[in-house]
Structure formats: C-alpha cells, structure tokens
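One structure below.
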Amino acid sequence: MKQVRIGVVGCGGIAMAKHLPAYKNNPKATVVAFCDISLERAEAAREKFGCEGAKVYTDWRELVASDEVDAVLILTHNKVHCEMTVTALDAGKHVMCEKPMATSYEETQRMIAARDRSGKLLTVAYQNRYRPDSIHLKKLAEDGTFGEIYYAEATAIRRRSVPTWGVFIDEEKQGGGPLIDIGTHALDLTLYVMDNYEPAFCVGKTFHKLNKQTETGNTWGDWDTERFTAEDSAFGFVVMKNGAVINLRASWALNYVDEKEAVTLICGDKGGADMPKEGELRINGVSHGKRFITVPELSAGEVDFFAGASEKPMDLEAGCFIDAILGEGELCVTAEQAATVTRILEGIYESEKTGKPYYFN
Ligand SMILES: NC(=O)c1ccc[n+]([C@@H]2O[C@H](COP(=O)([O-])OP(=O)(O)OC[C@H]3O[C@@H](n4cnc5c(N)ncnc54)[C@H](O)[C@@H]3O)[C@@H](O)[C@H]2O)c1
C-alpha cells in the first residue's frame with residue numbers, strides 16, 4: 001500500500017500530543033521529516049514518531065522543498081501559518097495547517113489562492129468536529145431535526161487556564177488571545193452545525209482585565225504579566241446574512257464557574273441542542289404537546305466514515321486528511337470554512353478597535 005509521506009513543521013505541544021501520535025497510528029501514513037527551530041525538539045519528535053531514516057531540519061523551507069515529502073503539517077504559532085502554508089503548497093505539497101488558519105482574512109485568501117494554483121489539498125485542524133457529540137449533532141442538523149437554526153451560542157470559557165508555554169499570550173505572534181485560540185474552535189463547530197458561512201456584521205469587545213494580575217490561580221502556573229499582551233476574554237455577537245445570530249464567548253481567565261470549552265448551543269424552529277460540556281449532548285423539543293430533552297448515548301457506533309479504526313478525534317482528523325490525499329474520501333474541514341471563521345474573529349477584533357459594528361463587505 002502506498003503510504004503518504006508526512007513532514008512536520010513545528011515539533012511543540014500540539015505536534016507531540018495530537019498530530020504525531022495520530023499519524024504514527026495511521027497505516028496509510030509515515031512521518032519522514034521533522035522541523036523545528038529547536039534541533040533538540042525536532043530530534044526528540046523524530047526519535048519517538050519518525051520512520052526509519054526520517055530527516056530532521058531546522059529550516060522549514062528545506063523541509064517543504066523536499067521531494068521526499070507528500071504532505072506538510074504546519075504546527076507553528078499563528079503568525080507564520082500563512083507564509084509556511086503558501087510556500088508548501090507552491091512546492092506541490094498537501095497541507096494541514098493548525099487552527100486558526102491565519103491571523104487575518106487576507107492571509108486566508110492567499111492560502112486559498114495557493115491551493116488553487118497548486119491543485120493540492122488544504123485543510124485546517126479543527127479536531128472538535130470529529131468528537132462523537134459533534135458528529136451526532138451535525139447529522140441531526142442535516143436531517144432537519146432542528147428546522148431553521150436562528151440562534152446559537154459558541155462557547156469556550158476557562159476560569160483560569162491561560163496557556164503559559166510557547167507564545168500563546170503574545171499578541172504579536174499569535175494575532176490575539178482566547179478568541180483566536182479557543183473561541184475559534186467553538187465558532188468553527190457552530191458554523192459547521194448551522195451550515196451557515198455568510199456573516200453580515202458583528203459587534204465585539206475584548207478585555208485585558210486579569211492579565212496584569214499576579215496572584216493567578218492558573219492551571220499552568222502564574223503567567224508572565226509582561227509577556228501577556230493578548231486579551232484575556234472576548235465576546236462577540238454575529239449576525240448572519242439570513243438573520244441568524246451567534247453569541248460567541250471566549251476566555252482563558254474569567255470569574256465564571258461553569259467552564260466549558262469548544263461547545264455549541266443551537267436553537268431552531270423545530271428543536272434545539274446544547275453541549276453541557278465537551279462530549280455531552282442534549283436535544284430538546286416538543287412532542288405531542290409535551291416538552292422533551294433527550295440525551296443520546298454517544299458510543300462507538302456513531303462513527304461511520306472511518307470504520308474499523310480508532311474513534312479518537314485526532315485519529316479521525318488524520319485519517320480524513322490521508323484518505324482525501326489518497327482519493328479515498330473528502331476533506332471534512334474546507335479552507336473556505338476555516339477562512340470564514342478567521343474572517344469573523346477578525347471582525348470582532350476590528351469592532352473592538354473601532355468601537356463600531358464591523359460589516360463584512
Ligand atoms: N487544535 C488544537 O486544539 C490546538 C491546541 C494547541 C495548539 N494549537 C495550535 O498549534 C499551533 C502550535 O501550538 P503549540 O501548542 O504546539 O505551540 P508550541 O509553542 O508548543 O510549539 C510550536 C513549535 O513551533 C516551533 N517553531 C516556531 N517557529 C518555527 C519556525 N520558524 N520553524 C520551525 N519551527 C518553529 C517552536 O520552536 C515550537 O517547538 C498554534 O497555531 C496553535 O494555535 C492547536
């Protein structure tokens with residue numbers, strides 16, 4: 001069987017925890033090249049996940065130019081996603097880029113143009129779509145269970161879990177804080193379930209209220225107040241062209257007890273659904289004059305598009321990309337969908353800057 005040869009740019013947290021275990025698990029893929037500006041990190045990743053003879057690079061341009069690589073995973077900080085993705089596509093490689101796709105809508109359009117020039121695949125790593133609760137919710141939305149969805153909440157709220165490693169809290173390198181980091185997952189999931197990618201306008205507010213506090217109670221240890229330049233919370237209200245609205249809430253640190261991350265809530269004219277937390281789903285409606293709430297059992301049988309293999313979201317994500325490259329399936333996350341997520345997030349940041357609603361074209 002032909003194996004897709006994978007090259008990885010960025011061997012940090014998400015590479016080691018999600019992508020590399022998933023691609024190593026996939027019999028149709030082999031990881032042949034590892035790049036990080038830290039040689040030590042690249043070597044550690046090769047040691048654990050590389051095939052025999054796998055190469056190590058410290059210059060990402062050399063990796064993406066290599067004839068020995070079919071597909072590249074871009075797993076670096078947000079600000080460099082666009083340049084690396086465009087260069088890899090122009091070098092004839094398929095690309096999976098970590099979320100958010102980029103730090104501006106303009107960048108996403110350059111990435112899509114590169115995809116179109118190259119004829120290669122481009123997808124973005126929104127693994128929350130592959131959770132059993134998300135897969136089931138999407139199927140119900142598609143079969144009309146909810147009717148017309150006109151109200152949604154996209155939520156990613158942590159009480160005190162600011163990522164203190166890498167450059168997450170650095171506004172300049174990441175392009176934002178929790179909104180672009182975890183709000184992006186909640187919004188992606190919400191748009192996917194609504195199947196609505198046509199925003200009309202939005203209003204947004206971001207807050208820097210806790211990032212200069214020193215007694216933090218943070219899950220990953222106190223943050224560095226000097227380096228924490230990104231917002232700590234952000235809230236947006238998005239109006240879609242068809243009149244539907246989305247209330248988007250994202251925070252790494254908020255005095256709010258009911259934490260939930262990457263969840264959605266949708267209300268349609270026939271029924272609704274919410275995720276009390278990640279992995280849980282409730283469906284609500286009215287039947288024969290009585291209100292009901294059902295809680296589906298989200299066991300193994302739900303996953304049918306990658307039968308016989310692991311059902312972990314990260315394995316399904318990798319499997320979907322590999323199958324699409326091999327012509328055995330379709331991408332789940334299209335670049336256009338991911339670009340719309342970035343477009344809306346940018347609109348919320350712009351609204352904060354101007355103090356006015358942001359209109360999409
Ligand atoms: N899908 C998810 O749920 C999820 C979770 C965490 C992070 N992410 C995304 O993954 C990306 C990376 O996050 P992370 O947690 O792995 O960060 P990280 O800081 O742990 O790792 C990033 C790695 O990239 C390397 N790097 C930086 N510049 C480079 C360059 N020019 N060439 C080669 N390597 C370079 C760094 O040395 C580091 O090892 C971000 O875009 C983030 O938003 C996604």
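Nothing fancy with the numbering, it's 1 onward along the sequence. Start at 1 and go down the list; that is how both ligands and their atoms are numbered.
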Would you check whether [X] has a nitrogen or oxygen atom less than 3.5 angstrom from a nitrogen or oxygen atom of ligand 1?
X: I14; value: yes
X: Q127; value: yes
X: H185; value: yes

Heavy atom of the protein closest to [atom] (residue, atom name, distance):
atom: atom 43 (O) of ligand 1; result: K99 O, 2.9 Å
atom: atom 22 (C) of ligand 1; result: L75 O, 3.8 Å
atom: atom 25 (C) of ligand 1; result: D36 OD2, 3.3 Å
atom: atom 20 (O) of ligand 1; result: G13 N, 2.8 Å
atom: atom 17 (O) of ligand 1; result: F168 CE1, 4.0 Å
atom: atom 29 (C) of ligand 1; result: T76 CG2, 3.8 Å
atom: atom 21 (O) of ligand 1; result: G12 CA, 3.3 Å
atom: atom 19 (O) of ligand 1; result: G166 CA, 3.5 Å

Under the criterion salt bridge (charged side-chain N to carboxylate O under 4.0 Å, His left out), I'd like the reasoning laid out for D274 against K260: C-alpha separation, chi angles, the key distance, then a yes or no. CA-CA 12 Å; D274 68 323; K260 37 183 101 183; 5.8 Å; no
Report yes or no: does [X] have a heavy atom closer than 4.0 Å to ligand 1?
X: M16; value: no
X: Y126; value: no
X: I37; value: yes

Mark yes when over 12 heavy atoms from residues, nucleotides or ligands other than [X] sit less than 6.0 Å from its [atom1]; otherwise mark no.
X: D67; atom1: CG; result: no
X: K241; atom1: NZ; result: yes
X: E330; atom1: CD; result: no

If you count the atoms of ligand 1 from 1 in the order shown, which ones are under 4.0 Å from a heavy atom of [X]?
X: R41; value: 36 (C), 37 (O), 38 (C), 39 (O)
X: W165; value: 15 (O), 20 (O)
X: A125; value: 1 (N)
X: K18; value: 1 (N)
X: H81; value: 41 (O)
X: H77; value: 27 (C), 28 (N)
X: M84; value: 30 (C), 31 (N), 32 (N)

Can you list the steps and then say if M96 with Y23 is a side chain to side chain contact (heavy atoms under 4.5 Å, CB included)? CA-CA 12 Å; M96 173 182 279; Y23 285 90; 3.6 Å; yes
Going by the angle between their ring planes, with limits at 30° and 60°, are W223 and F228 parallel, tilted or perpendicular? perpendicular
May I ask you to check whether [X] and [Y] show a side-chain donor-acceptor distance below 3.5 Å?
X: S134; Y: R129; result: no
X: E346; Y: Y358; result: no
X: R159; Y: N218; result: no

Salt-bridge present (D232, K209; N to O < 4.0 Å): no
Would you mind listing every ring-ring contact (aromatic ring centres under 6.0 Å, His included) that reaches into residues 155-206, with sequence neighbours excluded? Y126-H185, W165-F168, W165-W220, F201-Y359
Say whether V95 and L63 are linked into one hydrophobic cluster, either directly or through other cluster members, by side-chain heavy-atom distances under 4.5 angstrom. yes
Donor-acceptor pairs under 3.5 angstrom involving side-chain atoms of residues 38-52: please list them, not counting sequence neighbours.
unit_1, atom_1, unit_2, atom_2, d
S38, OG, R41, N, 3.0
R46, NH1, A54, O, 3.2

With heavy atoms only and a cut-off of under 4.0 Å, state how M101 meets ligand 1: side chain, backbone, both or neither. neither
